[in-house]
Amino acid sequence: MATPVNIIVGSHVWVEDPDEAWIDGQVTKITGKDAQIQTTNGKTVTEKLSKIYPKDLEAPPGGVDDMTKLSYLHEPGVLQNLKARYELNEIYTYTGNILIAINPFQRLPHIYDSHMMQQYKGAPFGELSPHVFAVADVAYRAMINELKSNSILVSGESGAGKTETTKMLMRYLAFLGGRVATEGRTVEQQVLESNPVLEAFGNAKTVRNNNSSRFGKFVEIQFDKHGRISGAAIRTYLLERSRVCQVSDPERNYHCFYLLCAAPAEEVEKYKLGKPQSYHYLNQSHCYELVGVSDAHDYLATRRAMDIVGISEKEQEAIFRVVAAILHLGNIVFAKGKEVDSSVPKDDQAKFHLNTTAELLMCDVKALEDALCKRVMVTPEEVIKRSLDPQSATVSRDGLAKTLYSRLFDWLVDKINNSIGQDPNSNFLIGVLDIYGFESFKANSFEQFCINFTNEKLQQHFNQHVFKMEQEEYTKEKINWSYIEFVDNQDVLDLIEKKPGGIVALLDEACMFPKSTHETFANKLYQTFKNHKRFIKPKLSRTDFTIAHYAGDVLYQSDQFLDKNKDYVVPEHQDLLGVSKCPFVAGLFPPLPEETSKSSKFSSIGSRFKLQLQQLMETLNSTEPHYIRCVKPNNQLKPAIFENQNIMQQLRCGGVLEAIRISMAGYPTRKPFFEFINRFGLLCSEALEGNYDEKAACQKILEKAGLEGFQVGLTKIFLRAGQMAELDARRAEVLSSAAKTIQRRIRTHISRRRFLAVRKASVDIQSICRGVLACKLYQNMRRQAAALKIQKHIKRHQARVAYQKLHISALVLQTGLRAMAARREFRSMNLNKNATLLQAWWLCRRAVVYYKKLTRSCIVTQTRWRGRVARRELRKLKMAARETGALKEAKDKLEKNVEELTWRLQLEKRLRTDLEEAKAQEVMKLQNTMQEMQKIIEETNALLAKERETAKKAIEEGPPVIQEKEVLVEDTKKVESLTEEVESLKASLETEKLRADEAEGKYKELQESSEEKRKKLEETEKKVQQLADSMRGLEEKLANIESENKVLRQQAVSIAPNKFLSGRSRSILQRGSESGHLEARAAISDLHSPSLNLREPAEVEEKPQKSLNEKQQENQELLIRCIAQHLGFAGNRPIAACIIYKCLLQWRSFEVEQTSVFDRIIQTIGNAIETQDNNDILAYWLSNASTLLLLLQRTLKASGAAGMTPQRRRSSSATLFGRMTQSFRGAPQGVNLSLINGGINSGVDSLRQVEAKYPALLFKQQLTAYVEKIYGMIRDNLKKEISPLLGLCIQAPRTSRASLVKGASRSVANTAGQQALIAHWQGIVKSLGNFLNTLKANYVPPFLVRKVFTQIFSFINVQLFNSLLLRRDCCSFSNGEYVKAGLAELEHWCYKATDEYAGSAWDELKHIRQAIGFLVIHQKPKKTLDEISHDLCPVLSIQQLYRISTMYWDDKYGTHSVSPDVIANMRVLMTEDSNNAVSNSFLLDDDSSIPFSVDDISKSMEQIDIADIEPPPLIRENIGFSFLLPRSD
């Protein structure tokens, strides 16, 4: 397998050992072709040189991730690499694209958590440490990119961990695909929840495994076109049906039988069961219990799993009834009957089990006995019933048991698939195959034959897609090479399955003959395959035979082959169970098609097995395969035990060693022509300069390099192992020589550039001189051209002056003629009295309108001023009304106000009457004017008609022609003048019509304004009436106020105010609220209090609070529209939060039982932050939400809190008088009036707290949740932004790292490279800076900013540190320098951001800082474990230090990691902590929790003064929000 290496004395080699497989030693002597070796265990052995292999002393102590990278690729090297990694709990290793997974026999939760899944998501294959997640990720990406289904073949022998590996694959695919849970469970959960059920009915104890799957399971995870999981299905193959009837010692039958025997007593009694030892199907083996496993507990767990997958209680009862029936069926023993070749139940015990079986299957006892002991033969003449001998009856019994159990298992699988849900429209799938591995025991029967046949098929599939693909690539490229030998098992498959002469065909043929025995079957095999190289006849046995499988020879005992192969549904069994009274049992045996039911067509397990296997291979061949080879490190099933011989055998069986050999023995490096030329073309420049095609150019490059053994294909170059490195070394030499040439050329270029500069200067001087001469010549030419232009323009000017004189003369003449006509027309217009009259009327009308408008404005001004004075007086009255003694004075003043308002009302009525009269007069005048204009028009038309008649008469009566012409001329002029006059009258008429329309429009406007005034007057009257009613109510009810209070207090405790106010007390409260309504227009009173109403008492009974509710809705709607806009900030205070708080406090929303304003505010915030990627909007609302939460935290208290005694609360709030005085004051109890009036001169702390009801407390909780949500969204947005950069920051660019290797000699170009070296880190710093500026611009509290950046830096620490531990190429010295430079950039950013905003963010990078410090420190071998763990890296755990120490490599100076003693001490400490699951986890977890509480925000934020907050323009002019305006009292 290995490349030939010269072995000399002193060489360290590997030699075969019967116990350890391979053991290392040192060559002490060489004699001819033999070598004497001193092994490490003290022995001296002699071995042939051809059978020993060199040992790589420079191999990493922790092994390599991909074994194709081993310097010496041979069996001992592979074994040692796997062992070294297994000792470090590195259970996964690559061999090319094949993943080897060694079962650790212990839980390693740290390598399967969600963070590890995130690391492997989208990572290129081979970039991170080997993992089952990487294989699943490759399969998923291939499915998405290539639009083709994929499959993952998990193989290995029993106990190697195939089932657990399958679970991990499904978990990761569910993590990648994602899907909304169905009924709370994802597809992956549903598939995994079905495992206990399938394991109970499909798993059994074998020689090598206590929980061996005795069936193949192919899990199809279905995906839609978007790559999301859309469904799943479990396909089962090759159930070992014969195990139901025959069990070898020390194995067990299927688990479900033992679980049912260990069920609760009532269950056992119901099924008439006993101990497992009493049943024939179980007592063939003496193993009834498993160590450390409770069958009773597993029975209950199985029942729970059945509930989860959707199997009803009735169905479960039927399932276990069938299982119990199979056990009883096995105990039915037959004896010879009275007739010849007949059989009957042997004894009473057999009859008891027969009756019990019939009872459990709900069928007739006699019919069951006949079905087991008799057969019906249908002939054309008659139906013959034939009896069976006891042996045949036993075979019939076992056949029924196998058929019953097989159909029960198929029903379970179908039920589970229906529960999971399949997607019939799925385009792609990823299949995960979990099937039993190759088996070879001391006694191998029909089961092992089928299992090994399956593995032969899978091995051929492996050969075709791994080995043969390698050869096909070479053949496709038509290169000359010698085919590498590998085990092709097609001849074994032909031996087993070929028709008609294969073993399976011969077995079916033997089963069809009743008198055939295993001896005749064995003899048939001996005769048929006596010359077959894969079939061997043992010397000491007449019935056994040996097959040379791909994994070794297996000896089979054919004793029970015929019995175990028989599998056909007897018509009697079908008829019996098809009519069972149990619907479940009858459903297992549906009616057969007519043609099938007529005859019992022979069917065997072998043929069915082969058919199922063929279907499985068709499925696998239609997908792109990926391989995971599971390996069992020891047969004791214990951790930390590595059996070399056992593992080597499994590697051979899995074809892993063959894959390694063919990969390295061939041409592992393949480059397309253009890539090869681009990379190595500089080694042979003449190949590029010449007129060669790509293939010839590549050949010339390789010939010049002097390489041998390479091949040139049609499109690619194929290189042997090591040749790529040699070419790279020569390429580096050429590049170094080229660099020197470039330097020489640069110096030449500089000198030449100086020469060219001098030459250019002289040329420039010459060009300047020539330019001056050219300029003078140009000036002369311009003067000549200018003279010609001047002459041309003077001549044109003279011609234009003459033309203008002539033109002016014509204009003067025309002007005189037009003036005469105009004067004549003017004289006629002066004679038009009607026009003058109309003008006078219109001017008069305009003056009147102006006067009335001025009068109305004066009245409105006076009314508003008096209203303002009245409100001021009313406010004083309310203030005075706090005391009972002030009621009289308030009454007197109110009476005066009533009188004054009555006087104003009368005045308004008189003014309205006068206005209406003036309007009527104005309308009359306009109508008269219209009539007069109509008369004038009619007179003008009559005059025109008369003139026309006169003209006609004059023409008729006129003298001869010559005189006629003169008359005609005069009449024409007269007609024209009359026509012009008519036209002018028409124009004036149109003008007057327009004026009339305008007047009519203004009249309508006046009517509308009059209607508005009328409505206002009616409202004023209502208000006066309400005020009078309020005064009367005060006078009437003042005497019995205390009695009313007691009633209201008692009812207020249990009933809402709007429900218990009725009758007299309701009218009292309404009147009290009416008296408080007058102030509501200046400062909005309680928008939610049910005690306030603006309607008459009669209207209150019909429509309570209608107008108030409308006003509430309007104000709330206006507030919501206002805060939905970006209101900005006043100083550092968010305006929206302050406006919301002041409105809620003014409206007393915190004290009501029901309100919708809180929900609408929360909904507004939720709608605003729907765009999760807009950090500016998120920061704006985080600032507002946190400020509003702070105000609520400092103002609200739960109802019944300390600070106000219950008596005091009742006296000021619950009583009627307290409510009335509140209506006057217009402010909630416990709050300064200065707050309501907008005059908050001190901080919020100066306010007394408000008792909050449930809606307010719920609003506070919702607001807290939104603060946390927005905080999380902002933090996650920044994480998304910097995550791509972090992936680039953990590893230096290759060019930069190459420049670092060169040492201290760097040119200016290298300096520029250093600037580009930290470009990714600068990108992170830029993102952090932009993010900080956004938060600052929106005045997010510094406390929250510090928390954000603390978590972001923790995220950076986790990502960088985990990537460092997962990628060996990152644990290098030069990469440590690169990351250290980047961390310095982050430290500088924290310094510029100051502690106010950065806080302790820099301290969150402690893990990556200490890890990088360890990478770049010098003289690591001299450091002790105590110095490393306490001084250098006190934060890192032993597992983390061990991983970094073993992965470290120095690509700059070639130094070594820590000493072997330190490594050994670390291993000891790791072994001591192996039982601690937390200490085993070397990766860090990202903390995505919310790192603060409401109290933290309250304590960290300063007091906020909201007194001088200016309301936004949208609500500033609205009288309902006048309380928001700052007051200057």
Q) Will you find, in the side chains of Thr1187 and Tyr1339, an N or O donor that is under 3.5 Å from an N or O acceptor? A) no
ask   = Is the backbone N or O of Ala1265 less than 3.5 Å from a side-chain atom of Glu1268, with the two atoms forming a donor-acceptor pair by type?
value = no
As a quick check of understanding, evaluate side-chain hydrogen bond (donor to acceptor under 3.5 Å, both in side chains) for Gln1193 and Lys1260, giving each step before the final call.
CA-CA 8 Å; Gln1193 178 72 7; Lys1260 181 182 172 185; 2.5 Å; yes
Heavy-atom nearest pair, Gly1166 first then Tyr1266, reads CA-OH, 3.5 Å
Open item on the list: A quick test of your reading: do over 12 heavy atoms of other residues, nucleotides or ligands sit less than 6.0 Å from NE2 of His1388?
Closed with: no
Residues passing the side-chain contact (heavy atoms from CB on, under 4.5 Å) test with Phe1343, sequence neighbours excluded, are Arg1346, Lys1347, Phe1492, Asp1496, Ile1497, Ser1500
Lys1406 meets the salt bridge (charged side-chain N to carboxylate O under 4.0 Å, His left out) criterion, sequence neighbours left out, with none
Worksheet item: Counting distance only, does the side-chain N/O of Ser1354 pair as donor-acceptor with the main-chain N or O of Thr1350 below 3.5 Å?
Response: no
Using distance alone, with no hydrogens and no angle criterion, decide if Ser1493 and Asp1495 have a side-chain donor and acceptor under 3.5 Å apart. no
Nearest heavy-atom approach of Ala1130 to Ile1509 is CB-CD1, 3.7 Å
*Whether Gln1410 side chain and Val1435 backbone form a donor-acceptor pair below 3.5 Å*: yes
Contacts of Arg1409 meeting side chain to side chain donor-acceptor pair (under 3.5 Å) (sequence neighbours excluded), chain-then-number -> none
On a heavy-atom basis, the closest approach of Leu1344 and Tyr1271 is O-CE1, 3.8 Å
task: Using modelled atom types only, decide if a donor and an acceptor are shared between the side chain of Thr1334 and the backbone of Asn1330 within a distance under 3.5 Å.
output: yes
Side chain to side chain contact (heavy atoms under 4.5 Å, CB included) with Asn1175: of Asn1277, Leu1278, Asn1338, Leu1182, only one passes, and it is Asn1277
Taken in chain and number order and not counting sequence neighbours, the residues that satisfy side-chain contact (heavy atoms from CB on, under 4.5 Å) with Leu1258 are Tyr1254, Gln1261, Gln1262
With sequence neighbours left out, the residues meeting side-chain contact (heavy atoms from CB on, under 4.5 Å) with Ala1185 are Leu1263, Val1267
Between Pro1512 and Leu1127, the two heavy atoms sitting closest are CB-CD2, 4.0 Å
Problem - Side chain Thr1195, main chain Leu1192, donor-acceptor under 3.5 Å - result: no
Next on the checklist: Please check: side-chain N/O of Arg1194 versus main-chain N/O of Leu1191, any donor-acceptor pairing under 3.5 Å?
Outcome noted: no
Ring centers of Trp1402, Phe1349 separated by less than 6.0 Å: no
Sorted by chain and number, sequence neighbours left out, salt bridge (charged side-chain N to carboxylate O under 4.0 Å, His left out) with Glu1117 holds for Arg1160
Gln1116 and Ser1156 have their tightest heavy-atom pair at OE1-OG, 3.7 Å
### Task
Indicate yes or no for a side-chain donor-acceptor contact from Glu1281 to the backbone of Ile1324 under 3.5 Å, with no hydrogens or angles considered.
no
Could you tell me whether a side-chain N or O of Asn1357 sits under 3.5 Å from a main-chain N or O of His1407, the two making a donor and an acceptor? yes
| request: If the plane angle is over 60° it's perpendicular, under 30° parallel, otherwise tilted; pick one for Phe1129 and Tyr1180. | output: perpendicular
